[in-house]
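Below: the structure, in structure tokens.
Only heavy atoms go into these numbers, but all of them, side chains included; no hydrogens, no water, no symmetry mates. The structure displayed is predicted, hence computed values, not measured ones. In what follows, every chain begins at residue 1, and chains take the letters A, B, ... in the order their sequences are listed.
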Amino acid sequence: MTSPTTPSGPEQLAVAFRAALSSAGLPARDVAFERPRQREHGDWATNVALALAKPVGRPPREIARDVVDALDAPADVERVEIAGPGFINVHLAHSALEGVVRAAVTQGPAWGRGAPADNAVRRVNVEFVSANPTGPLHVGHGRQAALGDALASLFDATGWAVTREYYFNDAGNQMALFGDSVAAAARGEPPPDNGYHGAYIGQLAAELSAAGQLDDVRDAAYRRMLDHITATLDRLGVRFDVYFGERALHAGEIADVIARLRDAGHVYDADGAVWLRTTTFGDDKDRVLVKADGATTYFAADCAYLANKIARGFDRCVYVLGADHHGYIQRLYAIADAEGVGRERVEVVLHQFVNLFRGGETVRMSKRTGEIITFDELIDEVGADAARYTFLRYSNDVTIDFDMAEVVKQDRDNPVYYVQYSHARIAGIMRTATERGVVAGSVDDARLELLTADAEEELVRRIALYPETVAYAAEERAPHKVARYAEDLAEAFHRFYTECQVVGDDVELTRARYWLCVAARQTLVNALGLLGVRAPDRM
RNA sequence: GCGCCGGUAGCUCAGGGGAUAGAGCAUCUGACUACGGAUCAGAAGGUCGGGGGUUCGAAUCCCUCUCGGCGCACCA
């Protein structure tokens with residue numbers, strides 16, 4: 001797996017350090033490495049001596065001394081030193097930096113991608129948005145679209161086979177009411193009681209009328225609405241592999257799953273209803289599968305839907321849900337356990353809400369109050385890239401205060417442009433290099449050892465962090481770590497750009513810097529790709 | 001009442017048990033006859049909501065209190 005150009009990482013260092021522990025007569029133990037906060041503390045650091053101090057009963061610095069003396073370090077380790085209370089800091093040689101540039105360039109789109117230790121490809125279903133097609137997407141759906149898509153990309157980048165799925169309800173009362181509302185509008189009548197209002201209802205009626213689809217309005221209306229939603233998502237660059245309608249489950253799968261759950265002993269009848277004993281699996285209360293009036297519940301459909309996903313061969317089912325759905329988590333786990341699927345195959349990624357502002361003033365997203373703004377209108381106002389990026393640069397766990405007046409700004413206030421600008425600058429350098437007839441040659445022949453300026457080395461070190469950033473962001477289900485990384489990378493590039501002229505008189509230096517630019521550009525492209533944000537050549 | 005998320009610089013937020021808690025914005029001071037100034041360099045700014053505990057070491061883990069957001073259907 002490790003190519004000759006890949007610099008030593010935690011795995012290689014751990015092997016060497018474990019050997020050193022052994023030959024120093026110290027107890028065997030895993031040696032973990034982390035990236036030190038400060039540059040002067042090296043490329044990697046381990047606290048193994050601190051951890052051994054207590055069991056061995058000796059001062060940590062003394063232990064560290066023994067370990068370092070016994071260490072047979074990998075070739076690209078320049079020096080190892082003991083610091084602070086007993087940390088062992090590893091400094092890599094310049095050749096390691098050169099290896100990073102070559103790896104980024106030669107691996108190209110695969111740079112930063114990984115695979116599980118056993119190299120097995122597992123299948124994951126990522127379900128997100130799943131807004132019922134009874135109205136346009138609102139801004140909260142936008143966050144979920146950006147998040148779900150980025151999570152799916154992170155799964156893909158770490159070796160999973162991913163299906164992006166959108167689940168919608170095409171079977172319930174709301175759908176019927178929605179269809180009837182559109183039908184009423186088509187006849188020029190007011191909507192039924194508790195029906196849907198809003199200009200889009202009239203617009204849908206007009207569209208269906210123009211298309212001659214007024215015979216079966218109930219179905220035609222939601223399909224048309226789903227088309228609008230798909231178009232909105234498309235503007236954002238989000239595409240689903242599967243749109244799954246609940247109705248399909250009513251053909252027998254719901255009845256089947258209830259029968260199976262009953263056979264398994266988890267179902268009982270009470271008060272005229274059929275219940276699933278979810279409390280067995282940690283839920284607060286049992287849940288109704290079939291109501292006293294004979295109708296199956298949405299919950300019953302959830303049971304059938306999970307069974308359906310498992311039958312389709314997914315090893316993992318991810319549900320991206322808004323914070324208001326946190327109560328569903330225990331329920332989903334209970335379903336998985338009751339079906340014998342196992343809760344470890346179900347995963348919920350929760351995210352907090354979005355508050356909309358314009359210049360500090362609250363903008364409502366609900367239909368209730370005066371100004372309503374749909375997600376489409378938000379994209380109109382700030383652009384797809386800025387919208388997506390803004391949704392993705394915050395932790396899932398924090399509420400986003402989305403101020404449209406800030407997000408349309410195209411300066412350092414708005415990190416998406418800062419990152420995109422760094423990419424456009426590199427593209428500009430490439431254009432200049434072409435114009436001035438630079439012959440870049442091959443990265444293997446480039447004299448990368450010439451890249452010794454501070455800004456150059458810092459840029460390479462930043463690039464080197466990309467693969468571990470992707471791995472960690474994926475593991476933590478935290479796309480914002482990729483966004484923050486991209487900002488740091490852009491910063492390192494801008495500084496390099498300011499301090500180092502790429503296309504210059506020195507042919508060898510020009511070539512070396514050219515390849516550094518290619519490596520930086522590739523890393524930016526890959527990172528922005530995970531976020532679904534464009535990497536423009538010009539802005 | 002029970003549960004989930006948050007409280008870190010004036011503001012918006014990062015922060016993976018580790019070393020001196022970091023960015024951006026805002027404020028102040030500087031930088032191009034160079035490949036795009038949507039840029040760069042620097043200064044200043046902190047009881048990490050309060051209190052206990054675990055640990056060699058806690059913003060980080062545990063307990064508790066508090067403030068803010070959200071949720072606790074035979075709705076969808």
Side-chain angles (χ1 to χ4, degrees), chain A residues 32 34-38 40-41 45-47 50-51 53-54 59-60 83-87 89 132 134 169 171-175 177 246 270-275 284-285 287-299 301 322-330 350-353 355 393-401 403 406 409-422 424-433 435-436 438 455 468 472 475-476 478 480-481 483-485 487-488 490-491 493-504 510 513-514 517 538-539:
Chain A
E34 61 178 26
R35 294 288 191 177
R37 243 182 233 284
Q38 274 143 330
E40 53 271 26
H41 292 151
T46 180
N47 65 352
L50 288 159
K54 192 154 196 173
F87 292 103
N89 295 333
N132 279 340
T134 55
N169 174 358
N173 293 334
Q174 291 304 312
M175 275 324 295
L177 202 53
E246 182 199 337
D271 305 326
V274 179
W275 299 72
D284 297 334
K285 48 169 297 202
R287 306 289 166 179
V288 172
L289 291 162
V290 185
K291 295 187 270 185
D293 67 5
T296 54
T297 58
Y298 199 82
F299 176 74
D324 54 336
H325 285 65
H326 86 264
Y328 285 38
I329 298 175
Q330 284 306 319
L350 218 60
H351 65 86
Q352 298 297 311
F353 294 149
N355 295 321
R393 75 182 293 268
Y394 300 97
S395 157
N396 305 341
D397 291 334
V398 307
T399 306
I400 294 177
D401 289 332
D403 193 324
E406 294 297 320
K409 283 190 193 163
Q410 304 196 349
D411 55 20
R412 193 70 162 89
D413 276 17
N414 192 352
V416 66
Y417 295 109
Y418 183 76
V419 175
Q420 288 186 319
Y421 182 54
S422 68
R425 271 188 149 174
I426 298 174
I429 292 171
M430 300 298 174
R431 287 190 294 269
T432 302
E435 284 162 17
R436 299 193 191 166
V438 170
E468 64 203 69
Y472 189 55
E475 195 182 311
E476 296 288 307
H480 78 279
K481 290 176 188 295
R484 302 292 173 151
Y485 169 82
E487 291 169 28
D488 290 342
E491 180 180 48
F493 176 78
H494 284 309
R495 184 179 156 221
F496 159 76
Y497 178 91
T498 304
E499 296 186 12
C500 304
Q501 173 79 16
V502 175
V503 182
T510 295
R513 286 177 173 170
Y514 176 92
C517 285
R538 299 174 195 274
M539 292 172 67

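For C72(B), the paired base is G1(B) (Watson-Crick or G-U wobble, both distances below 3.5 Å). Of the nucleotides present, none pairs with G17(B) by Watson-Crick or G-U wobble criteria with both distances under 3.5 Å. Here U39(B) sits opposite A31(B) as a Watson-Crick or G-U wobble pair (both hydrogen-bonding atom distances under 3.5 Å). Look at C25(B): its Watson-Crick or wobble partner, with both distances under 3.5 angstrom, is G10(B). When Watson-Crick and G-U wobble pairs are counted only if both distances are under 3.5 Å, G45(B) pairs with no nucleotide at all. A59(B) is unpaired under the Watson-Crick or G-U wobble criterion, no partner having all donor-acceptor distances under 3.5 Å.
In terms of modelled atom types and a separation under 3.5 Å, the side chain of N132(A) and the main chain of N169(A) share a donor-acceptor contact. A donor-acceptor pair under 3.5 Å is absent between the side-chain atoms of R538(A) and the main chain of A424(A), judged by distance alone. W275(A) places a side-chain N or O within donor-acceptor distance of the main-chain N or O of A270(A), the cut-off being under 3.5 Å.
In this structure, the nucleotide among G36(B), G18(B), C74(B) sitting nearest to the side chain of N47(A) is G18(B). Closest to the side chain of K285(A), out of C40(B), C74(B), G18(B), is C74(B). With distances taken from any side-chain atom of K291(A) to the nucleotides A76(B), A21(B), G36(B), the minimum falls on A76(B). Looking at the side chain of D397(A), the nearest of the listed nucleotides C40(B), G6(B), C35(B) is G6(B). Considering only the side chain of Y421(A), G36(B) comes nearest among G36(B), A76(B), C70(B). Nearest to the side chain of Y328(A), among G16(B), C75(B), A14(B), sits C75(B). Taking every side-chain heavy atom of K54(A) into account, C56(B) is the closest of C56(B), C35(B), G69(B). Distances from the side chain of F353(A) to the nucleotides C70(B), A73(B), C13(B) place C70(B) closest. Comparing A19(B), C13(B), G69(B) by their nearest atom to the side chain of D401(A) picks out C13(B). Counting only heavy atoms from C-beta on, R425(A) has its side chain closest to U39(B) among C70(B), A14(B), U39(B).
The nearest whole Å value for the distance from the CD atom in E406(A) to the C1' atom in U12(B) is 9 Å. To the nearest angstrom, P of U33(B) lies 13 Å from CD of Q501(A). We find that NE2 of H41(A) is positioned 9 Å from P of A19(B), with the value rounded to whole Å.
Note on H480(A): a side-chain N or O is less than 4.0 Å away from OP1 or OP2 of G15(B).
Residue ring and base: Y298(A) does not count as stacked with C75(B) (centre distance below 5.5 Å and interplanar angle below 30° not both satisfied). Taking the 5.5 Å centre cut-off and the 30° plane limit, the aromatic side chain of H326(A) is not classed as stacked on G71(B). Evaluation of F87(A) against the base of G18(B) yields no stacking contact (centre distance < 5.5 Å, interplanar angle < 30° required).
In this structure, F299(A) and Y394(A) both approach RNA chain B, and ranking their closest nucleotides by distance from the 5' end singles out Y394(A). Each of L50(A) and A270(A) lies near RNA chain B, and the nucleotide nearest L50(A) is the one positioned closer to the 5' end.
A cation-pi arrangement is absent between R287(A) and F299(A) under the rule of less than 6.0 angstrom and at most 45 degrees off the ring axis.
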CA sep, side-chain torsions, deciding dist, call: R495(A), E491(A), salt bridge (charged side-chain N to carboxylate O under 4.0 Å, His left out):
CA-CA 6 Å; R495(A) 184 179 156 221; E491(A) 180 180 48; over 6 Å; no
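Counting heavy atoms from C-beta outward, F87(A) and L50(A) have side chains that approach closer than 4.5 Å.
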